[in-house]
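A short write-up of the structure that comes next.
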Amino acid sequence: MVRYAFCVFLGLLGSLSSQGQTLPIDPKATAETKNLYINLQRLSTKGVMFGHQDDLAYGVGWQYQPGRSDIKDVVGEYPAVFGWDLGRLELDSAANLDKVPFDKQRALAQQAYAQGGVNTYSWHLNNPLDLTKTSWDKQDSTIRRMFNDRKALKRYTSWLKKVAVYMKSLKGPNGEAIPVIFRPFHEHTGSWFWWGKNHCSPAEYVKMWRYTVDYLRKKKVHNLLYAYSTDRFTSREDYLERYPGDDYVDIVGFDIYHRPRGDTTNRYVPETRRMVETLRSIGQEKRKVWAMTETGLAQVSQPNWWTNILMPVIQNAGLSYVLVWRNEGQRQYFAPFQGQASADDFKAFYANPNVLFGTKTAAERLYAPNPPTQ
Ligand code: BMA
């Protein structure tokens with residue numbers, strides 16, 4: 001018994017830094033990646049970082065204008081977190097599923113890192129059983145069939161190799177690998193993707209996740225923090241049903257959108273806050289970082305959405321970040337832009353000391369070993 005307790009103690013020590021923070025699941029994580037993870041834990045006690053998908057690539061009415069960002073156009077500052085997607089990298093396509101060329105995406109992620117921000121990648125990958133089918137293919141048992149089909153598994157593994165090459169190609173000014181948050185197989189408590197709840201068993205989902213992480217580590221990719229991110233969930237048990245294990249996850253999160261677009265009940269607030277509270281208790285217990293990995297109200301159709309709806313959901317919750325989805329154009333946007341109806345309210349949201357944008361985040365030097373002295 002004493003011996004057992006000692007082993008458990010040692011096991012716990014292995015995942016903790018000398019200051020008692022949790023270390024990344026990858027024991028070989030680069031120094032910058034470890035620093036980022038430890039600093040995310042520290043920063044989440046100070047405020048929640050604001051993030052935006054494809055922020056530096058395009059916005060409403062513009063594309064690839066160096067230095068531009070819809071967020072910066074509104075508040076004079078960049079977001080702290082930058083979301084990107086790898087979908088179609090697996091097909092050797094020059095651009096991702098949202099038409100962002102991978103070479104531009106890489107350069108913009110390098111820019112985000114250089115200015116002290118954080119990059120996070122999702123992956124809307126096609127179906128490895130049939131590469132002409134997208135993420136939204138709802139074929140049942142894709143994962144089980146893939147693991148039973150040598151050719152399909154080989155195909156998936158070759159896709160992972162491309163991810164490894166891309167991740168390793170993210171280099172900072174001194175040749176160091178840029179740490180990023182990798183968030184594969186997201187929204188799996190829903191069933192719109194082939195890895196969703198109704199298309200695989202919990203064991204199959206976990207197998208896929210672990211295979212992915214193990215392979216990337218084997219390929220010597222050591223600049224990733226892994227984010228497990230569900231969609232809507234009803235309880236702690238529901239959230240953890242497909243959880244791949246504490247040794248396979250660095251960040252716990254979930255995606256939730258304020259729907260339907262014209263909603264006036266604002267049920268989103270209490271429902272999402274409930275999920276945030278559950279997430280917080282899971283994060284605290286597991287000593288992981290927690291985040292709202294995607295959210296938004298389409299076309300930000302409520303002018304005071306930021307202070308009236310989002311703020312009560314995210315405040316005092318220990319969240320590391322909240323990320324809103326992309327500003328594709330007039331047809332689809334989740335962040336304000338100059339002249340958009342919620343722009344003034346967004347300025348008020350920005351002024352809240354508990355929300356962190358680019359400047360305050362950069363001052364925290366997230367990739368450096370020591371917390372800056374105050
Ligand atoms: C969805 C929409 C799509 C996009 C996909 C992947 O939510 O924004 O237009 O292709 O995400 O980014």
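Quantities reported herein were computed from a predicted structural model and do not represent experimental measurements. Numbering of ligands and ligand atoms starts at 1, following listing order.
The distance from atom OH of Y78 to atom CZ of F50, rounded to the nearest 0.5 Å, is 15.0 Å.
When the options Y243, W194, Y205, F233 are evaluated for a ring pair (Phe, Tyr, Trp, His ring centres under 6.0 Å) with H188, the one that passes is Y205.
Taking the six-membered ring for Trp and the full ring otherwise, F102 and Y121 have centroids separated by 6.0 Å or more. Taking the six-membered ring for Trp, Y228 and Y248 have ring centres at least 6.0 Å apart.
A donor atom on one side chain and an acceptor atom on the other are found under 3.5 Å apart for D345 and T307.
Protein residues with a heavy atom closer than 4.0 Å to ligand 1 are L97, D98, H124, W136, W325, R326, Q332, listed by chain and number.
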Derivation of the ring-ring contact (aromatic ring centres under 6.0 Å, His included) call for F334 and H52: CA-CA 9 Å; F334 296 92; H52 184 211; 8.9 Å; no

